[in-house]
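A short worksheet on the structure shown next.
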Amino acid sequence: CYNLFLHPLRKVPGPLLAALSPFWQIYHFLGSHQHLEHIKLHEKYGHIVRVSPNTVIINDSTYFAEWSNWDKADWWLALRADPVHLAHSNYHDVKEHSRRKKLIMGGYQLSAILKNESTMDKHILTWTDQLQARVGTVIDFAPFTQYAAFDIVMDMVFSKPLGFLATASDVDGVISSLHGLLTSANIMALLPVLSKIIFTPWIFRYLAPKHTDKTGPGKVHGLAYAIVRQRYKDLQESAVQHNDILQWIIDKNNPDSENGPMPWPVLEQESLGPILAGSDSVAAHLRAVVLYVSTNPRVLVRLRAEIDAADEKGALSKIPQFQEVRKHVPYVDLIMKEAMRIYPIVGSPLPKEVPKAGTVINGYFIPGGTSVGISQWAVTRNKEIFGDDVEVFRPERWEDATAAGAEAQDALDEIETESRYTPSETPDEEEAKRRLRDSGYVPFSLGPMMCTGRNIATMEIYKITTQLFRLFDFQIVNAIQPWKEANKMAMVQWDFFVKVTERA
Ligand code: HEM
């Protein structure tokens, strides 16, 4: 009764059952198609929808800049692996979060990872060799994308690829454990009271997954902890000199630095981030790229024209280098943006918390403490932002970068990227449309909590997209229903059957 008639959010439109209890959201999450439900909700109720007693989702990009500077909502508590030691991404308070993120973010900067580009190249080569060995056959393309993304991120961050690509298998069941963890974490995230109970230190001691577990969350946590412990041992014995992100963090947070050394349990938590977030994301995107480019001949022809022209000039290395692609195959950037738009990778609205004083969104007063999320699937279907052809894969919609868009491209190297939506001067109509379009481009989110791994992801996507279409043709076996999919916070697809042939 309170939630319906007395709650401060009672006037915000949305389904009756959602206003009554958080189980409405859990029901839709378990149905795996929460993201599609969000599209329908915004179509039915408008730019702001109440999806649980204390949560609303929005798809009006005018509010994104303000949103991006709020604290994390309680939803995120479930993504912790420890009640005491936290990674930057576990901090609720935006200021503390930014302070912690600065301690590690330099390792993820473009300038730092470019120094290690050859590590990425090794895995791209192994992947294309694996595809070469399967030319002429129908394969399930889905696992290969994750094997590649997982080996790359493990090698770039820890110098520890697990050999998914080389063995063409889910080594030790790590990927299935990761997917199990994502499902359970998301359910807990939708019931923050449960997270609060479980992460009470004395309760956590009894319920915590064990690092020795053979499957499930414990296995994934155990992987991060084993890597950090091994590094500690290597350093004591000065056995190996590593050139990776973990080492960058250790070196930067040295005993003489302002903050002193990073405690090992915190380093363990920081090491979980790339394991949890670094493979499903890139893999889901690459599957979408292969599907949409292969089924849009016009796009494929334009992409190949750029690749071939670059090859004729000798401008692309055997494994295309990031800066080569940036300069000579710029269409890849438009393809990436459009694939992120038509098939957003993040399927959950990742809420932040309205500050104490409250705020007004689309005419509704939203009190402090409310969780507000952005449903990327609904933003990218917002016709006011992207026009009537939202269901069409058209990379050209991203052409004519606005000054702000171009800056965002160059800002890849910056630690924090401010909102790209700057409604200050008086732009002409076309410029205003482009700015609006750019304001709806939030696949990596924006502001201080923007994706930590966005530069690794962008580099992988540029290089792999170029190389795959440089070498192969992909015939999608079932273009109407190309794969099975579930929204596990990130989108996960499987049974994506594709016939691989050498490029005609
Ligand atoms: C296509 C690929 C990817 C997409 C679309 C993506 C998207 C996102 C989004 C939307 C967020 C949430 C930001 C927020 O809270 O507002 C995020 C956070 C994060 N991502 Fe990614 N991501 C990708 C790849 C990666 C990779 C490769 C890594 C690791 C190497 C990574 C590590 C992280 C981490 C650690 C956070 C937490 C950031 C924070 O709290 O400050 N992501 N990502």
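Everything quoted here is computed from the prediction, not taken from an experiment. Start at 1 and go down the list; that is how both ligands and their atoms are numbered.
- Considering backbone and side-chain atoms together, Lys352 places an N or O closer than 3.5 Å to an N or O of ligand 1.
- Side-chain contact between His285 and Met336 is present, with at least one heavy-atom pair separated by less than 4.5 Å.
- Taking the six-membered ring where the residue is Trp, Phe393 and Tyr292 present parallel rings, their angle staying beneath 30° rather than reaching 60°.
- Taking each of Met449, Lys72, Met450 in turn, the one with a heavy atom nearest to atom 40 (O) of ligand 1 proves to be Lys72.
- The set of protein atoms (N, O or S) found at less than 2.8 Å from atom 21 (Fe) of ligand 1 reads Cys451 SG, by chain and number.
- Counting heavy atoms closer than 4.0 Å to ligand 1, residue Tyr91 contributes nothing at all.
- Annotation: ring pair (Phe, Tyr, Trp, His ring centres under 6.0 Å) contacts of Trp264 (sequence neighbours excluded): Tyr232.
- With hydrogens left out, the protein atom closest to atom 7 (C) of ligand 1 is Pro443 O, 3.4 Å, a heavy atom.
- Nearest protein heavy-atom contact of atom 37 (C) of ligand 1 is Ser89 CB, 3.6 Å.
- Within the 6.0 Å centre-distance limit, the rings of Tyr343 and Trp377 are counted as a close aromatic pair.
- Checked by distance only, ligand 1 and Tyr108 stay at 3.5 Å or farther apart across all their nitrogen or oxygen atoms.
- With a 4.0 Å cut-off on non-hydrogen atoms, Val153 touches ligand 1 through its side chain and not its backbone.
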